[in-house]
Number of protein chains: 2
Amino acid sequence: MNLTHLKTFVAVAELRHFARAASACNVSQPAVSHQIAQLEDSVGAKLLNRAPRRVSLTVAGEVLLEEARRILAAVDRAHERMHEVSSGAVGRIRLGASATPGLYLLPSLLADYRESHARFDLQFQIGAVDEIAERVIRNDLDMAVIAGRPPTDELRMQTLLHDELVAIGAAGKARRTRTRESQPGLDAQCWIMREAKSTTRREVEAWLNRHGIVPARTMTFDGPDAVKRAVTAGLGIAIVSKLTVEEDLKARRVVRLDLGFPLPTRTVYLLDHPHKHHGAACSAMLKLFSATFPEMR
Amino acid sequence: MNLTHLKTFVAVAELRHFARAASACNVSQPAVSHQIAQLEDSVGAKLLNRAPRRVSLTVAGEVLLEEARRILAAVDRAHERMHEVSSGAVGRIRLGASATPGLYLLPSLLADYRESHARFDLQFQIGAVDEIAERVIRNDLDMAVIAGRPPTDELRMQTLLHDELVAIGAAGKARRTRTRESQPGLDAQCWIMREAKSTTRREVEAWLNRHGIVPARTMTFDGPDAVKRAVTAGLGIAIVSKLTVEEDLKARRVVRLDLGFPLPTRTVYLLDHPHKHHGAACSAMLKLFSATFPEMR
DNA sequence: TTCATCGATAAGTAACGTTTATCGGCCTGA
DNA sequence: TCAGGCCGATAAACGTTACTTATCGATGAA
C-alpha cells in the first residue's frame, strides 16, 4: 500500500468510475485498474463491486476510504507545514549564551529580533560555557554567544566584538580611582570572583597568577550581577567585563580601578555547528548579528 | 513523498545513523541516502544535519518527523482495520425487506443472527418492494427479502420459501368459515386492502380481476398488521399472506374463509447484487438463510 | 599516521508503473 | 435484434524508479 494506491482509490470511490478517476489522476484507465487490483491484494479484501455501469464500495472499501482520507489529509498537512517551514513563514531558533553576553549584550538584540520576526519561536537560555557549547554540538541549541574561547574546536566561531576586562571597586572608596595599587595592596584586597565555571573567573585567575598576585581573601558570587552588587556594597574589588559595568560606571555606582598591570581583553564569539543547515529563523538571527557587529563582517 | 521515504526518514531520525537505519529497513546504506535526498528534495528543505559521526535533525526535520509519525500511525491503523474487516472480526450487513417477510419472517431469524454474530453491525429496514430493490441495486443495502417477484431483473434472486395467500374474516362471523361464498356475496363484501405499492395488494387485485370479482367497497390499510386489525374489527374480509396470520388463526382472532377459488401462492425471495463481494457479515447471513430455508439449498 | 567509520556517489540491474492496443461484457437505441 | 458505445480487464512494450555492489572522501580514534 502506498500513497498512489490510496489517491487512486479515493478518486475511484468518489467518482464511482474507473475511467473518470483515471483522468482525474492524469493516468490511463488501465493504470487505475492496476492500482486498485494491487491495493485489493495488499489489504486482502475486495474494495469495489464492479457491477456493469455501476461501481460501488464493499464494506472493506468503505472502511478503507475513511482511513485513506485520513492518511491523505495527514500527508497534505505535512506538506503544508513543510512549506511553512521552508518558506520561512514559521521557524524556531534556540539560542544559548554564557552569563556576560546573555545578560548584557543580547537582551536588546533579542528584543529587536522578536519585534521584526514575531512569527518565529525564539528560545533563549543562559548557562555555563561548557554546557552551552555541548548543547550546540548536540544540536540542542542552534547557536550560542559566549565570551572567550570555547572548550572545543568542533564548532564554528565567529567574532562578534572584543571585550575588555576592567577592575572595579566601590564608589565610596573613590580615592583609589586612577591610582596605581601596589602589589601588596592588591594581595590584601578582598577579591570578588565569579563562580568556578565562569570564563571570566578563569581569565581573572590567569591574570592574577601571571602577575604573582595571591589574594588574601576571595569571595565567590554567581553571575556578574551578584559580583557587582558585592563590589557596590564594599565587600571588595573585582575584575569584570566592561560590558557588564558600563552603565554602573556612568552612574558612579562603581568606580574603575587602575591596578598597574594591563588587563586582558577577550573576544565574544558566536558559536554554531559547521555542518548545520540553518532554517529561516536562524538565518535571520545570523543576519541580525552580522548587521549589529561589524567585526563579524 | 511516499511512505517508503517517510519510513526511512523516521528510522534515520530515531537511530540518528544512516547505516543502522538501512539495516533496520532491510536495505543498503546507499538506498537510505538516496531516499533521504529525495525526501529533502520533495519537501524543499534539508531535514538532517550530517555532521561527522553525528546526524541530527533540522527544524524542518523535526516538524516532518512529527508529521511522518502521524502519517505512518494512520497507515498502521488502516492496515489494522482492514485486517479486522477481512478476517471477519468486524462487519456490517444492511438488510432490507418488504413488509410481510420483514414483520413475520425475519425478526426471529435476525435475533438468532444477532446472538451468534454480536460483533457485526446489523442494520435492518422495511420498505416498499420497489424502493428496497432499488437500494440493493445502488448498494445502499446488501440484500433484501421480499415476497413476490421484484420489479427488476438486475438482482440475483434466491427462493427462500413458498407462501400461500389466505382469505380471512372476523372471528365473530364464524358461520362463514369453510363455507363457499357465492360470487355476488364476494362482490358485496368490504375488501380490506394493503397500500397501493404492496405486492400483496397487486396479487390480490390480479386474483379478483381474474375471477371477475368487483368489490363494491374497499378500504386500504398500511401494512399487514393494520389489515388484520381491520378484519378483526369486522370491517371486512381480506386476502393476506398466510405467514402473517398463522398465530391469529390458531388463536381464533380471525377465521379462514373459503372463497371458492384457489388463492395464489407466491415465492419469498432473497435478493442480492450479482456482482457484489460479500463481507463476513453478509456471508454469515447467507449461511443462516440457507440453513433456515431448505428451499434455498 | 594508520585504520575504522560513515555518508555520498557511480554504475549496473531488477522491479515497478504506465502506456497503447485490445478484449469481453453489457446496456442502449434505431 | 443487432450495431454501436461504454466500461473495466488484460497483454505486451516501454520508461522510470529504486535497489544493489563497489568505491570515494572526509573524519575521528588508536
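Naming: A, B, ... by sequence-line order, numbering from 1 per chain. What you are looking at is a predicted structure, and each value in this text was computed from that prediction instead of being measured.
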Check the pair B:H162 / B:V268 against side chain to side chain contact (heavy atoms under 4.5 Å, CB included), numbers first and verdict last.
CA-CA 6 Å; B:H162 298 285; B:V268 176; over 6 Å; no

In whole angstrom, give the distance that lies between atom CG of B:N49 and atom P of C:dC6.
18 Å

Does the distance from a Lys or Arg side-chain N to an Asp or Glu carboxylate O, for B:K197 and B:D130, drop under 4.0 Å?
no

How many whole angstroms separate atom CG of A:L47 from atom P of D:dG8?
15 Å

Let me know the distance between NE2 of B:H34 and P of D:dT16, rounded to the nearest Å.
15 Å

I'd like to know whether A:R69 forms a salt bridge (Lys or Arg N to Asp or Glu O under 4.0 Å) with A:E14, so could you lay out the CA-CA distance, the side-chain angles of the two residues, the decisive distance to 0.1 Å, and finally the verdict.
CA-CA 11 Å; A:R69 286 196 172 118; A:E14 283 176 352; 2.9 Å; yes

Can you check the A:L39 CG to C:dG17 C1' distance for me, whole Å?
15 Å

How close or far is atom C1' of D:dC19 from atom NE2 of B:H5, stated in whole angstroms?
12 Å

Is there a side-chain polar atom (N or O) of A:S33 under 4.0 Å from OP1 or OP2 of D:dG8?
no

Would you call B:T100 and B:R194 a side-chain contact if the rule is heavy atoms closer than 4.5 Å?
yes

Just checking, is any N or O donor in the side chain of A:T199 or A:E203 under 3.5 Å from an acceptor N or O on the other one?
no

Is A:Q38 near enough to C:dG17 that one of its side-chain N or O atoms lies under 4.0 angstrom from OP1 or OP2?
yes

Within residues 14-32 of chain A, those residues having any heavy atom closer than 4.0 Å to DNA chain D are A:H17, A:F18, A:A19, A:Q29, A:P30

Any ion pair linking B:E67 and B:R70 (charged N to carboxylate O, less than 4.0 Å)?
yes

Are the charged groups of B:R202 and B:E205 less than 4.0 angstrom apart, N to O?
no

Minimal heavy-atom distance between B:R266 and B:T200, with the atoms involved, is NH1-OG1, 2.9 Å

When every nucleotide of nucleotides 24-30 of chain D is labelled 5' to 3' by its protein contacts under 4.0 Å (heavy atoms), B for base, S for sugar-phosphate only, - for none, what sequence of letters results?
---BS--

When you measure from the side-chain N and O atoms of B:N2 to the phosphate of D:dA18, is any distance below 4.0 Å, counting only OP1 and OP2?
yes

Phosphate-side-chain proximity, A:R50 and D:dC7, N/O vs OP1/OP2 below 4.0 Å:
no

